[in-house]
Colleague: 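The following block contains the structure, expressed as structure tokens.
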Amino acid sequence: MDTKTNSPSNFIRNIIDEDLASGKHKAIVTRFPPEPNGYLHIGHAKSICLNFGIARDYGGTCHLRFDDTNPEKEEIEYIESIQEDVRWLGFDWGEHLYFASDYFEQLYNLAVELIKQGKAYVCELSADQIRQYRGTLTEPGKDSPYRNRSVEENLDLFERMRRGEFEEGSHVLRAKIDMSAANIVMRDPTLYRIRKVSHHRTGDAWCIYPMYDFTHCLSDAIESITHSICTLEFENNRALYEWILEQVYPQPHPRQIEFARLNLSYTMMSKRKLLELVNEGIVKGWDDPRMPTLSGLRRRGYTPAAIRDFADRIGVSKANSMVDYSFLEHCLREDLNQSSPRTMAVLRPLKVVIENYPEGQVEQLEAVNNPQDPKAGTRLIPFAREIYIEQEDFMMDPPKKFFRLAPGREVRLRFAYFITCTDVIYDAEGNIVEIRATYDPETKGGSAPDGRKVKSTLHWVAAEQSLQAEIRLYDHLFTTEDPSEGDLEDILNPNSLEVLEGARVELNLQDVQPGDRFQFERIGYFCVDPDSSPTHLVFNRTVSLRDTWSKLQQK
RNA sequence: UGGGGGAUCGUCUAAUGGCAGGACGGAUGACUCUGACUCAUCUAGUCUAGGUUCGAAUCCUAGUCCCCCAGCCA
């Protein structure tokens, strides 16, 4: 995979360094524990890079474990997409693919053990009643009337729960801890609930399912995880994590460490709301190129290397933060600039007729494929009397600092000739429909023997000797920096997708395959969409080039 | 109002009692057959108030602000 093997340090790595130095651990084992209830997104990528990156750099292992304890929300489709996405990101769990559901029998036995110790009981309060008994943030809860059942009765009831003798919601298994604990998580938390639904892996073998708090710590312990890295909202749960392990699992125990999840400006990270975007048809699917999902970013043209680099560079801390989306784009461009072959494409064509160029003549001109990479070589592109340039590269009355084509002005056509605008042709409505120009045959290849300079170089394609293409331009899905606040309808960007049907691209792009990436010179990075075919090319704009001219214009 | 966390340039993040540093962004300039890339220079920060100390982002005290927790979700 990847040759980069050392990520910047952070507070978690410091802890690991200390644990190694003190001899607490000889080897490091981490895990990435997704629930298969949705697609992975860029926020998960941070966690994946953290966990797998630590395993890589410390010569340890990182497990991929599906936290599949809630059959109502989980699906096989998600299990498959998650594995594909982790692999695509560049990580390999080797033999270490696990499912919490594989531990159900073991977990059940540990629950029985807890009951035998008198530290868990079967409670027949309804969900509502349990909530009432729990108390509030400032008031202690009160004991369930079922709290002091005998061990024998609890054992019997729990077994009957498993056998399916009780209805959903009628009984739960609860830990017996402290209903007046200041930490609400510790007020006799539910450990098992009855759900008479089949599980995507265990089928109908179970009708009771363990809760996250009971499952996660024990799964970590079963797998000999040394450092169990999770997000900040689980800080309160750490007390329970440790409590459960102390009661029923021999040392050594994994240590839970919490870090701040990724927030990205203009980006929705809530799985629930992402699902809503998909279900409501607001986007075309989990892999819509506007989605922050790994499958969406992949389709958009993002590279795994760029995402890994981003994850490394944003760092890891415990402070809530909001990373600028432009930083992700910076990492992306940095990677794409090195690796993307250049080509020319005209998004919004404006015809230029070169009046002194022989009619019917077509020349093949040599163009550099990637100035960042000499090994990428060169290609031939056809030049003819009629070409297209970008509409925005011509102005009738150019303001100061506009260096591109204008009446009477000379510019360079990239890898071709200098041309001078001699005339402008309008349609009946007064729109510019064609430019007339002359070229200087002496400037073939793009430089003038007399040493004269031009201020600007334009990209172009030959009118006939080019291909039509559909180009999809994307913008943020949301208009607000923090889309976790506000109603979806209010903050959706109506212009997040713009489709250009009449773009023209180089002839060389005839046989491109979905996923192929290019830099369209002077415009941006694009990749071939899966919808593309040889008769109907479709490109996604991955990210534009930095554009200091448009910035200047806005002033 | 209970408990658990957190506050360092506009943003992200280092500094573990000893020169507040890096990256992104922004500004200026150089270079340029991509107004890209690259390079150079600049910009800008320790939440507040006290205290300890030769010396405090770091330790102490008192505040302020922000986040999380009252699922039979994870």
Side-chain angles (χ1 to χ4, degrees), chain A residues 8-11 14 33-35 37 67-70 72-74 123 125-128 130-132 134-141 168-174 180-187 189-195 208-209 211-213 215-216 230-239 258 260 265 271-272 313-324 326-331 333-334 337-338 342 344 367-368 371-372 401-404 412-416 418 443 445-447 453-459 519-524 544-552:
Chain A
S9 195
N10 55 54
F11 81 97
N14 292 344
E35 184 190 9
N37 67 344
D67 215 341
D68 54 349
T69 58
N70 184 359
E72 292 177 305
K73 290 184 179 170
E74 299 158 5
C123 183
L125 253 25
S126 70
D128 262 352
I130 287 183
R131 189 178 318 119
Q132 283 157 17
R134 189 154 31 221
T136 69
L137 293 179
T138 51
E139 299 157 318
E168 275 190 21
S170 65
H171 296 64
V172 292
L173 182 73
R174 291 229 254 165
S180 63
N183 181 354
I184 292 177
V185 169
M186 301 299 272
R187 317 238 263 229
T190 302
L191 268 18
Y192 270 85
R193 76 286 214 189
I194 300 169
R195 282 290 172 279
I208 56 172
Y209 292 94
M211 300 285 290
Y212 165 84
D213 285 307
T215 309
H216 205 93
C230 64
T231 45
L232 253 29
E233 67 269 26
F234 292 102
E235 277 176 323
N236 294 325
N237 300 58
R238 187 175 63 238
E258 310 86 14
S265 57
K271 270 192 189 179
R272 201 194 90 244
R313 291 168 69 175
I314 53 174
V316 179
S317 75
K318 298 197 68 155
N320 290 313
S321 62
M322 172 82 74
V323 177
D324 277 346
S326 60
F327 187 61
L328 210 209
E329 292 186 323
H330 168 80
C331 297
R333 290 190 183 106
E334 210 165 78
N337 180 43
Q338 295 304 317
R342 314 286 130 123
M344 290 196 284
V368 174
Q372 306 295 322
K401 301 245 178 121
F402 181 89
F403 303 140
R404 284 111 96 146
R412 172 170 35 237
L413 295 176
R414 179 105 160 125
F415 303 124
F418 287 12
T443 58
S447 52
K453 303 275 188 200
V454 288
K455 286 285 272 184
S456 180
T457 300
L458 307 187
H459 62 277
Q519 183 198 100
F520 290 177
E521 293 217 26
R522 302 212 305 135
I523 303 177
S544 65
L545 251 31
R546 274 186 84 228
D547 186 356
T548 45
W549 164 240
S550 72
K551 219 175 288 168
L552 258 178

Colleague: Please pick, from C73(B), G71(B), A7(B), the nucleotide with the shortest atom-to-atom distance to any side-chain atom of Lys73(A).
Modeller: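 Looking only at heavy atoms from C-beta outward on Lys73(A), the closest nucleotide is C73(B).
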Colleague: Scan Phe327(A) against the nucleic acid and name what it touches under 4.0 Å (heavy atoms): base, sugar-phosphate only, or nothing.
Modeller: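 The residue Phe327(A) makes sugar-phosphate contact but no base contact.
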Colleague: Does the side chain of Lys551(A) get closer than 4.0 angstrom to OP1 or OP2 of G26(B) through an N or O atom?
Modeller: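 So the side chain of Lys551(A) is within the cut-off, an N or O lying under 4.0 Å from OP1 or OP2 of G26(B).
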Colleague: Round to a whole Å and report the spacing from NE2 of His216(A) to P of G71(B).
Modeller: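 Rounded to whole Å, this separation is 21 Å.
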Colleague: Start with the C-alpha distance between Trp549(A) and Phe403(A), add both sets of side-chain angles, then the distance that settles ring pair (Phe, Tyr, Trp, His ring centres under 6.0 Å), and finish with yes or no.
Modeller: CA-CA 10 Å; Trp549(A) 164 240; Phe403(A) 303 140; 7.3 Å; no
Colleague: For G6(B), does OP1 or OP2 lie under 4.0 Å from any side-chain N or O of Ser317(A)?
Modeller: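 False: Ser317(A) side-chain N/O out of range (4.0 Å or more) of G6(B) OP1/OP2.
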Colleague: Under 4.0 Å between a Lys/Arg side-chain N and an Asp/Glu carboxylate O for Lys318(A) and Glu235(A)?
Modeller: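 Salt bridge flag = yes for Glu235(A) with Lys318(A).
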Colleague: Taking only the side-chain heavy atoms of Phe234(A) (C-beta and beyond), determine which of A74(B), U34(B), C24(B) contains the nearest atom.
Modeller: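 Closest nucleotide to the Phe234(A) side chain: A74(B).
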Colleague: Considering every strand and a 4.0 Å limit on heavy-atom distances, what is the contact class for Phe402(A): base, sugar-phosphate, or nothing?
Modeller: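 The residue Phe402(A) makes base contact.
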Colleague: Could you tell me whether Glu521(A) contacts a base, only the sugar-phosphate backbone, or nothing, with contacts defined as non-hydrogen atoms closer than 4.0 Å?
Modeller: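 If one applies the 4.0 Å heavy-atom cut-off, Glu521(A) turns out to touch a base.
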Colleague: Within the pair Arg546(A) and G26(B), is there a side-chain N or O less than 4.0 Å away from OP1 or OP2?
Modeller: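 Checking G26(B) against Arg546(A), a side-chain N or O does come within under 4.0 Å of OP1 or OP2.
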Colleague: If you measure from the ring centre of Phe403(A) to the centre of the six-membered ring in the base of G35(B), is it under 5.5 Å, with the planes under 30° apart?
Modeller: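 It does: the two rings, one from Phe403(A) and one from G35(B), meet the stacking criterion.
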Colleague: Between G17(B) and U58(B), how far apart are the C1' atoms? Round to whole Å, please.
Modeller: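 My reading of the C1' atoms in U58(B) and G17(B) gives 7 Å.
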Colleague: Quick one: which of C69(B), U34(B), A23(B) gets closest to the side chain of Val185(A)?
Modeller: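 Ranking C69(B), U34(B), A23(B) by closest atom to the Val185(A) side chain puts C69(B) first.
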Colleague: Counting only side-chain nitrogens and oxygens, does Arg522(A) get under 4.0 Å of the OP1 or OP2 atom of G35(B)?
Modeller: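 The answer is yes; a side-chain N or O of Arg522(A) sits under 4.0 Å from OP1 or OP2.
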Colleague: Stacking between G35(B) and Trp549(A), yes or no? Criterion: centroid separation under 5.5 angstrom, plane angle under 30 degrees.
Modeller: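 Yes.
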Colleague: Applying a 4.0 Å non-hydrogen cut-off, can you work out what Arg333(A) is touching in the nucleic acid: base, sugar-phosphate, or nothing?
Modeller: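 Nothing, no nucleic acid heavy atom in range.
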Colleague: Give a yes or no on whether a salt bridge exists between Glu139(A) and Arg134(A), defined as a side-chain N under 4.0 angstrom from a carboxylate O.
Modeller: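 Between Arg134(A) and Glu139(A) there is no salt bridge, as every charged N stays at least 4.0 Å from the carboxylate O atoms.
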Colleague: To the nearest angstrom, how far is Tyr192(A) atom OH from G71(B) atom C1'?
Modeller: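 So the OH-C1' distance, Tyr192(A) to G71(B), works out to 18 Å.
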Colleague: Report which part of the nucleic acid Asp213(A) touches: base, sugar-phosphate, or nothing (heavy-atom distance under 4.0 Å, all strands).
Modeller: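 Result for Asp213(A) = nothing.
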Colleague: Scan Asn236(A) against the nucleic acid and name what it touches under 4.0 Å (heavy atoms): base, sugar-phosphate only, or nothing.
Modeller: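 Answer is base: heavy atoms of Asn236(A) come under 4.0 Å of a base.
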Colleague: Using the side-chain heavy atoms of Asp547(A), tell me which of these nucleotides is nearest: U16(B), G35(B), G5(B).
Modeller: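 So the side chain of Asp547(A) is nearest to G35(B).
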Colleague: Of the options C37(B), A23(B), C12(B), whose atoms approach the side-chain atoms of Ser321(A) most closely?
Modeller: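 Selected nucleotide (nearest to the side chain): C12(B).
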Colleague: Going by the glycosidic torsion and a 90 degree boundary from 0, is the base of G26(B) oriented syn or anti?
Modeller: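 Chi for G26(B) falls in the anti range.
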Colleague: Name the closest nucleotide to the Thr136(A) side chain, picking from G26(B), C12(B), A70(B).
Modeller: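 For Thr136(A), the side-chain atoms sit closest to A70(B).
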Colleague: Rounded to whole angstrom units, what separation is found between the CD1 atom of Ile184(A) and the P atom of G71(B)?
Modeller: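 These atoms are roughly 8 Å apart.
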Colleague: Scan Ile130(A) against the nucleic acid and name what it touches under 4.0 Å (heavy atoms): base, sugar-phosphate only, or nothing.
Modeller: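 Result for Ile130(A) = base.
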Colleague: If you look at every strand shown and take non-hydrogen atoms under 4.0 Å, does Thr69(A) touch a base, only sugar-phosphate, or nothing?
Modeller: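 If one applies the 4.0 Å heavy-atom cut-off, Thr69(A) turns out to touch the sugar-phosphate alone, with no base involved.
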Colleague: Quick one about Asn183(A) and Asn236(A) (side-chain donor to acceptor, distance below 3.5 Å, no hydrogens or angles considered), yes or no?
Modeller: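 No, because no side-chain N or O of Asn236(A) sits under 3.5 Å from a partner of the opposite role on Asn183(A).
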Colleague: If you look at every strand shown and take non-hydrogen atoms under 4.0 Å, does Asn237(A) touch a base, only sugar-phosphate, or nothing?
Modeller: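 Counting heavy atoms under 4.0 Å across all strands, the contact made by Asn237(A) includes a base.
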Colleague: Identify which nucleotide among C69(B), G5(B), C24(B) has an atom closest to any side-chain atom of Glu235(A), counting heavy atoms from C-beta outward.
Modeller: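 From the listed options, G5(B) comes nearest.
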Colleague: Does G71(B) have OP1 or OP2 under 4.0 Å away from a side-chain N or O of Arg134(A)?
Modeller: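 Looking at the OP1 and OP2 atoms of G71(B), one of them is under 4.0 Å from a side-chain N or O of Arg134(A).
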Colleague: With side-chain hydrogen bond (donor to acceptor under 3.5 Å, both in side chains) as the test, pick out the partner of Glu521(A) among Arg414(A), His459(A), Arg342(A).
Modeller: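 Only match with Glu521(A) under side-chain hydrogen bond (donor to acceptor under 3.5 Å, both in side chains): Arg414(A).
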Colleague: Measure from CZ on Arg187(A) to C1' on G3(B) and round the result to the nearest Å.
Modeller: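 That distance rounds to 9 Å.
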Colleague: Output yes when a side-chain donor or acceptor of Asp547(A) lies under 3.5 Å from a complementary backbone atom of Ser550(A), and no otherwise.
Modeller: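 Checking the backbone N and O of Ser550(A) against the side chain of Asp547(A), a donor-acceptor pair under 3.5 Å is found.
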Colleague: Pick the C1' atom in U38(B) and in A57(B), then give their distance to the nearest Å.
Modeller: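 That atom pair is separated by 35 Å.
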Colleague: Asn10(A) has a side chain; which of A36(B), A14(B), G3(B) sits nearest to it?
Modeller: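 Comparing A36(B), A14(B), G3(B) against the side chain of Asn10(A), the answer is A14(B).
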Colleague: Taking any heavy-atom pair under 4.0 Å as a contact, classify Ala319(A): base, sugar-phosphate, or nothing.
Modeller: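 Answer is sugar-phosphate: Ala319(A) comes under 4.0 Å of backbone atoms only.
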Colleague: Can you find a side chain N or O atom of Arg412(A) that sits less than 4.0 Å from OP1 or OP2 on U32(B)?
Modeller: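 The answer is no; no side-chain N or O of Arg412(A) sits under 4.0 Å from OP1 or OP2.
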Colleague: Base, sugar-phosphate, or nothing for Gln519(A), non-hydrogen atoms under 4.0 angstrom?
Modeller: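 Base contact - Gln519(A) has a heavy atom under 4.0 Å of at least one base atom.
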Colleague: State whether the distance check finds a donor on one side and an acceptor on the other, under 3.5 Å, for side chain Arg342(A) versus base U34(B).
Modeller: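 Under the 3.5 Å cut-off, the side chain and the base do form a donor-acceptor pair.
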Colleague: On the nucleotide U34(B), are OP1 or OP2 found under 4.0 Å from the side-chain N or O atoms that His459(A) carries?
Modeller: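 Indeed not, no polar side-chain atom of His459(A) lies that close.
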Colleague: Within the structure shown, what part of the strands sits under 4.0 Å from Lys401(A) by heavy-atom distance: base, sugar-phosphate, or nothing?
Modeller: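 Here Lys401(A) touches the bases of the nucleic acid.
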Colleague: For G71(B) and Arg131(A) - does any side-chain N or O of the residue sit under 4.0 Å from the phosphate oxygens OP1/OP2?
Modeller: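 True: Arg131(A) side-chain N/O within range (under 4.0 Å) of G71(B) OP1/OP2.
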Colleague: Of the non-hydrogen atoms in Gln372(A) and Gln338(A), which two are nearest, and what is the gap between them?
Modeller: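 It is OE1-NE2, 3.8 Å.
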Colleague: Examine distances only and state if a side-chain atom of Arg187(A) and a backbone atom of Ala181(A) form a donor-acceptor pair shorter than 3.5 Å.
Modeller: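 Judged by distance alone, yes, a pair lies under 3.5 Å.
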Colleague: Within the 3.5 Å criterion, strictly below it, is a donor on Thr215(A) or Asp67(A) matched to an acceptor on the partner's side chain?
Modeller: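 Distance-only check fails for Thr215(A) and Asp67(A).
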Colleague: Please state the P separation for the pair U32(B) and C9(B) - nearest whole angstrom.
Modeller: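 About 39 Å, rounded to a whole number of Å.
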Colleague: Among G6(B), U34(B), G4(B), which is the nearest nucleotide to the side chain of Thr457(A)?
Modeller: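 For Thr457(A), the side-chain atoms sit closest to U34(B).
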Colleague: Given A36(B), C73(B), A70(B), identify the nucleotide with an atom nearest to the side chain of Leu137(A).
Modeller: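 Out of A36(B), C73(B), A70(B), the nucleotide with an atom closest to Leu137(A)'s side chain is A70(B).
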